[in-house]
Each structure stands twice: as structure tokens, then as C-alpha cells.
2 protein chains.
Amino acid sequence: MDQVAAAAGVSRATVSRVINNAASVAPGIRDAVQRAITQTGYVPNVAARSLVTRRSDSVALVISEPDRPDDHSFLNRIFTDPYFGRVTAGATAALRPHDVHLVVVPTDASDHHQVIRYLRQGHVDGVLLISSDECDPMPGQVHALGIPAVLSSRPASPLPVSYVDVEQRAGARLAAGHLLARGCRHLATINGPLDIPAAAERLDGFRAAAGQAVPAEAGDFTRAGGEAAAHRLLDAHPDVDGLFVASDLMAEGALRAIQDRGRRVPDDVAVVGFDDSSAALECRPLLTTVRQPVEEMAGEMAELLIAHIDTPGRSPRSVIFQPTLVIRDSA
Amino acid sequence: MDQVAAAAGVSRATVSRVINNAASVAPGIRDAVQRAITQTGYVPNVAARSLVTRRSDSVALVISEPDRPDDHSFLNRIFTDPYFGRVTAGATAALRPHDVHLVVVPTDASDHHQVIRYLRQGHVDGVLLISSDECDPMPGQVHALGIPAVLSSRPASPLPVSYVDVEQRAGARLAAGHLLARGCRHLATINGPLDIPAAAERLDGFRAAAGQAVPAEAGDFTRAGGEAAAHRLLDAHPDVDGLFVASDLMAEGALRAIQDRGRRVPDDVAVVGFDDSSAALECRPLLTTVRQPVEEMAGEMAELLIAHIDTPGRSPRSVIFQPTLVIRDSA
DNA sequence: TTGTAAGCGTTATCAG
DNA sequence: CTGATAACGCTTACAA
């Protein structure tokens, strides 16, 4: 930096001002400094900068998955479910204009501690936390840290923290309404793990619209889990003709199960998914599904976080998005 | 820190020593300081620390995907292909004992610039770079930065940089040998984008073992791409009875295409994949495939990187892994 | 073995 | 509008 100052014939303070394009610097001087910067190939030292500004200009996207007793590692699930890619895309895009970087930090119970330490050390200015499991201690821990944070869904136990969510019940109702409207008489559903609030709400919303007695079988938000659940469901209720599956990935598995049994979709069994992820387009037939505006939601999370970072005492708030129905070929 | 020093009745220097468990500190003092630390809930300030040590104790995993002209965003591909999860898992595990953090940075051409800036600013001590496309400028740019780096495969244009790779040709030969041994007479292959060196080498190795005239159809390393390629292949060569598909994800699509045409696997057409990713277990029948030890490879990348960080002038080296054949039901 | 003191490279305050 | 100068919180010779 001294080099630049010398080359431009000004003081370090002035160099600093043009770098942070601060208030008033004489245009002539500014240009000279700019030239000197490119000429010397100067790059500001982030450590020194954030030592004084107390900002790192980066935020973490923490994807916290609980340990589940299956053979797939949590990383496999994260990197296999299109949902997380959409969140990353949405957050990255929203953060760019603010000039803050996004670092993705996947974690499960085994390295919660490491991640918490990372956050405490102040590597990032705030955290976008994706955590669906109700038992996950991460939201509480992050909140206890006192670092700005925004959650991707309503926290299981009430926490004074901002979050973004989609109206899960409304989405499930949309699915039920569509199935009923197309004439299905025997509805059923494949729900996600009920310790995930979103999964519970989808089931709840579906039953509210389709009847409390509707048969439900539990999947685990994976393709294989959806397939297995569909088999169990069809064994127990062979007459099902309308099926709501709580995620597209599970729906893809369910479609396979239904077709393996020689039943046609949507003629014998109509199927509606949830998410409108890329998996919906991988399905045959193309999946009718409830769309969550995931990218927009992630963008909103990013904006909320930036606001909290810029305005320390800001009161938490939540933004709820409405789902929509995307009609394709499966129902 | 002054608080801790006061509480323990020592100087800041001593506190610093116990934190970095430096050489010699009297056991009594050390304990007193430890107590003072937990008592005051002291957390070192990373910015201040790395300002002087010039280390951030974190490294970036940069996943660089080229822009491809399809409707799937690159983030969707990254978060949909199990390969990247395995890399992340392997690297994280290897890094843990060194106490360095991993930040995942997905990127495509549109934000290369941002990422390069991030790296230049010294947020991380080094980078693990996953870049398969031969035209990708990222490896060159990262190398030009002069920051320690390790690549996930042999660089397309020779670069004095350490890398880890698998013997691609040997893997393809394994597949060819297995298909031939089980009596297949009409072999064919679905290859990946040939601008990706690994894809070209797999094709090359397969032809070397199975004959140069073997029909090949190109996919794009996605499930849908594999499916489409298989349809084209079966249209042009209905007599194919042994198929090598250059990735498990594409093989999953190919299996679907073959079965959609009423042909049985492995009886009518035997199929061998490549990767041994979780997709191989999603297939019906379970996929016989060439296994890359991805986690181990990622671990090795991490170790190489740490070595380069700790020993600045260290000469680049490459570590090549041997693939193995995992025989399941599809061939 | 422990303490003292000198930076590390910025930004920010305050004069000029 | 610009330039000194004092922090920022830590590590690390060097001295004791």
C-alpha cells in the first residue's frame, strides 16, 4: 500500500479512500491512485482490513443435516438433492451486488463443534442456516453465538431469529385440490420425516383438505425412500388413485414403484410432488408438483441477513412465500 | 485477551503461548490460563491472528464447472452429482487433524472473477481445485495467482502444479475386459464430453481394449444425457449386447432407456458404469461399475495441499490411483 | 520460563 | 480535500 501511495505521490490514507471509494477525493488524484494500483498489482490485505472494520465481507451458508441411520452419508444427501443447489444459486445472486462472498459449509452432528468454532472465530459476518430437523441443535447454538443469522424455515422451538419459509399447508392443499378436481376418489400421501416441521405441515395440510383418514406412508426425502414407501402404500391400499408425495425426489421413486407394478400414471394413479426441483423434469411422466420459489426465498434470506449485519439491533422478522401448482403430466 | 491475562495473572504473551500450545509453559501456569480462557469465554480474533501469521487456517474447495448450453444451471449439476459430496467428505476428513477449515466455492464462468478475487485477498491459504473441462481457464488463473493449489486431475495444458488422478484408461480396460469375459460380442460405449480429458481417456482406454471400431455415443455426464445417448445408440446399433457408460449417472439413464425398449439387463445388454457413486446403488439392476476411490483421492489432495502450504517452495508432484471393478448385477 | 515491546496492513479520527 | 497518527488484537523476537 505504501508502494501505491508512493507511486501516486499521495498518503496511505488517500489510497485507502479511493479503494473504499469514500466521500471526496479529487478526481485527478483518484485516477492517479487507480493507475498506481493497477500498475503495482496491489491487493488489499483482508486480515488487516477486517481487523479494523470488524467485517469479513463474507457470509456462511451452513447446511446442517442430522445424522440419519442409513448408509448414505449426509454429504451424499446434500450433494444429491437439487434443493441445495437452488439455495446456493439464489443466495449467491442476491449477495453479489453487496460484494459479499458466500462460503458453503455442510455439516452434520459430527462436526457441529468445528463449525461453531469457525463461526465464533469471526470468519464470516453472518450465517444463512439451512436446518430442517426439529431436533437439530444448530439453530439454537448459532443464535446463542449472537452472530447475525437467518433460518430457512420456521425454527422448531421459537427463537427470536429472522427466517424465510413457504406456506407448507397451502401447498399441500393445492395438491389435494388438484387431485380431487381431476376425479381421484382414493387419495393417499407419502410424507417426509415427521420430525421435520415442514414435512409435518405438508401432511397436516393434505389431510385437512383430503380427509383425516387418508392413508400416509413415511419416506425420508430420498428417491429410494419414496420408492419403498410407495410399495408399502400400494400393498396396503391397492385402490389408491391419487397420490401426494411430499418431495419431488421421493415422487421420482414413487413413480418408479407404481410403474413397476404395471400401473399407469396418471391414468391409474395420479401423482403430485412438492418442490418443483429439477427432479420433477427427470420423471416420466413429467411431474405435476407444488412449486416453492427456492431461489427467491434464498435471495430473501440473503437480504435479511445483510440487513441484520448492517443494522445490529434490528428486530427479527419472517417472510412467508406462497407456493403455486405447476401442472405437468403426472396428474 | 487482556482479560484472560489479567484473570490468570500473566502477560498476553503467555496467553498466546498456551493458545498455540507453544514450546514451554509451566504446567501450572498453563492450567491457570486454560481456566481463565474458559471462564471468560475468550475467542481469539482470527483477523488479528492472521494479520501476523499470514495464515487463515482454511482452504477453499473450488468446484469449477464450465457453462454448458443446457437448461440446467451448473449449480444444479454440482448439487445433483454425488461425486462432489464424496470429494467434500474426503477433503474435510483429511483436513480435520490439521485443524484447517474447508470452504466450498462453486463457480462457473460468470463468477470466475469474483472467485479469483476471493482467493487473491487471502481468505484462504490454498485451494483444492476441481475442474474437468479442458477449456476451463481456472487452473491457469489459480496457478498464476501463486497461491498453493492442488488439482483433481491432470491439467489439460501442462502446468507445474500438483494433482491427483485415477488411471482412467485402466478403468475403461477393466470394463471392456469384464464385458468380453462374460461373452458379449457387440460392445459399445457412451462417453462423456470429449473436451474433458478424463472422458477422452476413458473412451480411448475402452477402444484400446475393445476395438477401435466400437460404436460410441456422447453424453454429458447427466442422467438425462445418458438416457438420450442410449436411445441413439440402440437406434443405430440394435445388436449391442455390452455397454460401457463413462459415468454412473449416465448409466442410470442408459439403463432406463434400455429397459424402456423392452430389453433386459444384463441378459440382453450388459452394462458397466464408472465411478461407483451412490447412483450405482439407485439403479435397477444394481450397477456393475469401475470404482474410483474418490474420498481417498480427495484426502490425498488435501494432504498435498497442506504440504505445499507448510513448505512454500515444495516441488509439484502427482499421485495416481488405480481403479477397481465392482461387480454387481448389471453385468 | 516469562514479560516487554515492536510490528502486521488497514481504517478512522482529527487537524490542517 | 488531504495527511499524520492512533488504534485494531494478536504473535514473536529479544531481554530479563
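Computed from a prediction, not measured in an experiment: that's the story for all the values here. Residue numbering restarts at 1 for every chain, and letters A, B, ... go by the order of the sequence lines. These values consider heavy atoms only, across backbone and side chains, with no hydrogens, waters or symmetry-generated copies.
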Which part of the nucleic acid does A/Val10 contact within heavy-atom distance under 4.0 Å: base, sugar-phosphate only, or nothing? sugar-phosphate
For [X], salt bridge (charged side-chain N to carboxylate O under 4.0 Å, His left out) partners two or more places apart:
{"X": "B/Arg54", "result": "none"}
{"X": "B/Asp136", "result": "none"}
{"X": "B/Glu303", "result": "none"}
{"X": "A/Asp81", "result": "A/Arg77"}

Which salt bridge (charged side-chain N to carboxylate O under 4.0 Å, His left out) pairs, counting each pair once, include a residue from residues 31-44 of chain B, with sequence neighbours left out? none
Sorted by first residue and then second, give each salt bridge (charged side-chain N to carboxylate O under 4.0 Å, His left out) pair with at least one member in residues 113-123 of chain B; sequence neighbours left out.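 Matches after skipping sequence neighbours: A/Asp99-B/Arg117.
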Residues pairing under side chain to side chain donor-acceptor pair (under 3.5 Å) where one sits in residues 5-14 of chain A, two or more places apart or in two chains, turn out to be A/Ser11-A/Thr14
Value in whole Å for how far the C1' atom of D/dC8 lies from CZ of A/Arg55: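 Atom-to-atom, A/Arg55 to D/dC8, this comes out as 16 Å.
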Given axes from five pairs at either end, by how many degrees does the helix from C/dT1-D/dA16 to C/dG16-D/dC1 bend, rounded to 10°?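 The end-segment axes of the helix from C/dT1-D/dA16 to C/dG16-D/dC1 are tilted 30° relative to each other.
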Determine, for nucleotides 6-16 of chain C in 5'-to-3' order, which nucleotides have protein heavy atoms under 4.0 Å from the base (write B), from only the sugar-phosphate (write S), or from neither (write -). --BBBBBB---
Only distances under 3.5 Å count here; give the side-chain donor-acceptor pairs of residues 157-166 of chain B to other protein atoms, sequence neighbours excluded, each with its distance to 0.1 Å.
unit_1, atom_1, unit_2, atom_2, d
B/Ser162, OG, B/His308, NE2, 2.7
B/Ser162, OG, B/Arg317, N, 2.8
B/Ser162, OG, B/Arg317, O, 3.2
B/Asp165, OD1, B/Gln168, NE2, 3.3
B/Asp165, OD2, B/Arg154, N, 3.1

Could you identify which residues of residues 119-127 of chain B place a heavy atom less than 4.0 Å from some atom of DNA chain C, listed by residue number, or say none?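 Hits under 4.0 Å, by residue number: none.
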Mind checking whether A/Tyr118 and A/His123 have parallel, tilted or perpendicular rings, split at 30° and 60°?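 It falls in the parallel class, under 30°.
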Report all side-chain donor-acceptor pairs from residues 85-92 of chain A shorter than 3.5 Å, counting only partners two or more places apart or in another chain.
unit_1, atom_1, unit_2, atom_2, d
A/Arg86, NE, A/Glu295, OE1, 3.4
A/Arg86, NE, A/Glu295, OE2, 3.1
A/Arg86, NH1, A/Asp275, O, 3.2
A/Arg86, NH1, A/Asp276, O, 3.2
A/Arg86, NH2, A/Gln292, O, 3.1
A/Arg86, NH2, A/Glu295, OE1, 3.3
A/Thr88, OG1, A/Phe84, O, 2.8
A/Thr92, OG1, A/Thr88, O, 2.5

I want to check one thing: is the phosphate of C/dG3, taken as OP1 and OP2, less than 4.0 Å away from some side-chain N or O of B/Thr14? yes
